[in-house]
Amino acid sequence: MEKNFDSQDGYEQEQKEYSPPTTGGDRPLAVVAMGGHAFMQHGDSGTIEQHHHNAAEVSAVLMTLVERDYNLVITHGNGPQVGQLLLQNDLTHEQVPPMPLDVLVADTEGWLGYVLQQALLNQLRRRNIHRYVVSMITQVQVDKRDPAFSKPTKPVGRFLSQEEAEARRDELGWVIAEDAGRGWRRVVPSPRPFKIVQRKMIRDAALNGHIVIAGGGGGIPIVKNAHDDYEGVEAVIDKDLTSSTLGVNIGAELLVILTDVDQVFVDYKKPTQRALGAVTMEEAERLITEGHFPAGSMGPKVEAIYEFLRKGGKRGMITNAATLEAALEGRGGTHFVGRL
Ligand code: ADP
Ligand code: MG
């Protein structure tokens, strides 16, 4: 391999001798999943400056895992960004051919990967830590027979009037639905992730100490077609469930889900609300059945961690960026373990 292409440390380092990557095979491997809010805060219009700013903040927080010597795979949401691309498609479709959802997910994996890897590299460089960062365009296989395909539920793109929505249904074959009295939206299937196509490369890179950004936006949904070829589909995959499958596929021991609450609650937003400190799998199962975690938000997170533990993961954690360090020291967040 060419010396210069191996180094992500920039032009000024090109003259230096190439040093092989730190082997990190003995470090614990963690998957960290971040919500779309990691790049776009409430009230942000979504400028590139806001994305760089938010990525820098979350990258500084992620250094607590690097400093604790974890091998790291980072996944992220893309809801707001895909929403904006769909809007662009909608506004310019007469001039520019619109792209299908699988391509839009790939698009966000690319540019959000760039923004995040640059922010992470800047943090590493400031600390003089010699670890590299790579973003992986990740395909995630889903099952054509998944019942989600006959019952699309995930709203994407902007709100439309009933008239606009019906016109698009007739012209473009969209499935449309009314969204909680707020207007009409396109809905797409949200099938379960079944296999991460790039899992071996993600694992190998991570075990070599490289920080890997993968499965962005839940990954690009693909199926095997009638010829046994891979083919993209118009669907979106839940990023928490993809992170769980990825964690299992690469043998991670820790799955951290960073969101905008510091802990998980029972009786959320009721007078009886109570924060959860540590939860066993049995308790998690009971709380899921009791309906404490709604489908569109906390549900997939708790389920993701439950499945991760059931299939071999050792520890799970749900918290926010501000609490991550305390949570790693056992002073915050919600922890999930096989048994106490
Ligand atoms: P992300 O973008 O990180 O995936 P989501 O909005 O999908 O974030 O999920 C996090 C949200 O889940 C929190 O902001 C909170 O309002 C909501 N939530 C629902 N039920 C609970 C619960 N039982 N405990 C904590 N938060 C909950
Ligand atoms: Mg979410």
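Remember, it's 1-based here, ligands and their atoms both numbered in the order they're listed. Quick note: numbers below take in every heavy atom, side chains included, and nothing from hydrogens, waters or symmetry partners.
- Assignment of Gly77 to the shell around ligand 1 is not supported, since no heavy atom sits closer than 4.0 Å.
- No donor-acceptor pair closer than 3.5 Å links the side chain of Gln118 to the backbone N or O of Val115.
- When hydrogens are left out, the protein atom nearest atom 20 (N) of ligand 1 is Pro294 CD, 3.3 Å; that is the closest non-hydrogen contact.
- Test Ile257, Leu254, Thr334 against Met317 for side chain to side chain contact (heavy atoms under 4.5 Å, CB included) and you get one pass: Leu254.
- At least one test fails for Arg27 against the ring of Tyr70: distance under 6.0 Å to the centre or angle within 45° of the axis.
- Taking atom 23 (N) of ligand 1 as the reference point, the nearest protein heavy-atom neighbour is Phe265 O, 2.7 Å.
- Scanning the protein for heavy atoms near atom 15 (C) of ligand 1, the closest one is Tyr268 OH, 3.2 Å.
- For atom 1 (P) of ligand 1, the nearest non-hydrogen atom of the protein is Lys301 NZ, 3.3 Å.
- Ion pairing between Glu285 and Arg310 fails under the 4.0 Å rule for side-chain N and carboxylate O.
- In this structure a side-chain-to-backbone donor-acceptor pair under 3.5 Å is missing from Gln139 to Ile220.
- Under a 4.0 Å heavy-atom criterion, Lys269 is not in contact with ligand 1.
- Residue Gln263 places a heavy atom under 4.0 Å from ligand 1.
- Looking at atom 14 (O) of ligand 1, its nearest protein heavy atom turns out to be Asp260 OD1, 2.6 Å.
- In terms of protein heavy-atom proximity, atom 8 (O) of ligand 1 is nearest to Thr259 OG1, 3.3 Å.
- In this structure, atom 7 (O) of ligand 1 lies nearest to the protein heavy atom Ser297 CA, 3.5 Å.
- For the side chain to side chain contact (heavy atoms under 4.5 Å, CB included) with Ile305, the lone residue among Val264, Leu255, Asp240 that qualifies is Leu255.
- Heavy atoms of other residues, nucleotides or ligands lying less than 6.0 angstrom from CD of Glu94 number 12 at most.
- Between Phe293 and ligand 1, not a single N/O pair is under 3.5 Å apart.
- Heavy-atom separations between Gly79 and ligand 1 are all 4.0 Å or longer.
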Quick one: do Asp267 and Gln273 satisfy side-chain hydrogen bond (donor to acceptor under 3.5 Å, both in side chains)? Show the steps, please. CA-CA 5 Å; Asp267 292 340; Gln273 168 175 308; over 6 Å; no
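- Side-chain N/O atoms of Gln81 and His51 include a donor and acceptor closer than 3.5 Å.
- Distances below 4.0 Å separate heavy atoms of His292 from the following atoms of ligand 1: 23 (N).
- Every atom of ligand 1 with a heavy atom of Gly296 under 4.0 Å away is listed here by number and element: 7 (O).
- With hydrogens and angles ignored, the 3.5 Å screen pairs no side-chain donor or acceptor of Asp107 with any backbone N or O of Val103.
- Atom 26 (N) of ligand 1 has Met298 CE, 3.4 Å as its closest protein atom, hydrogens excluded (heavy atom only).
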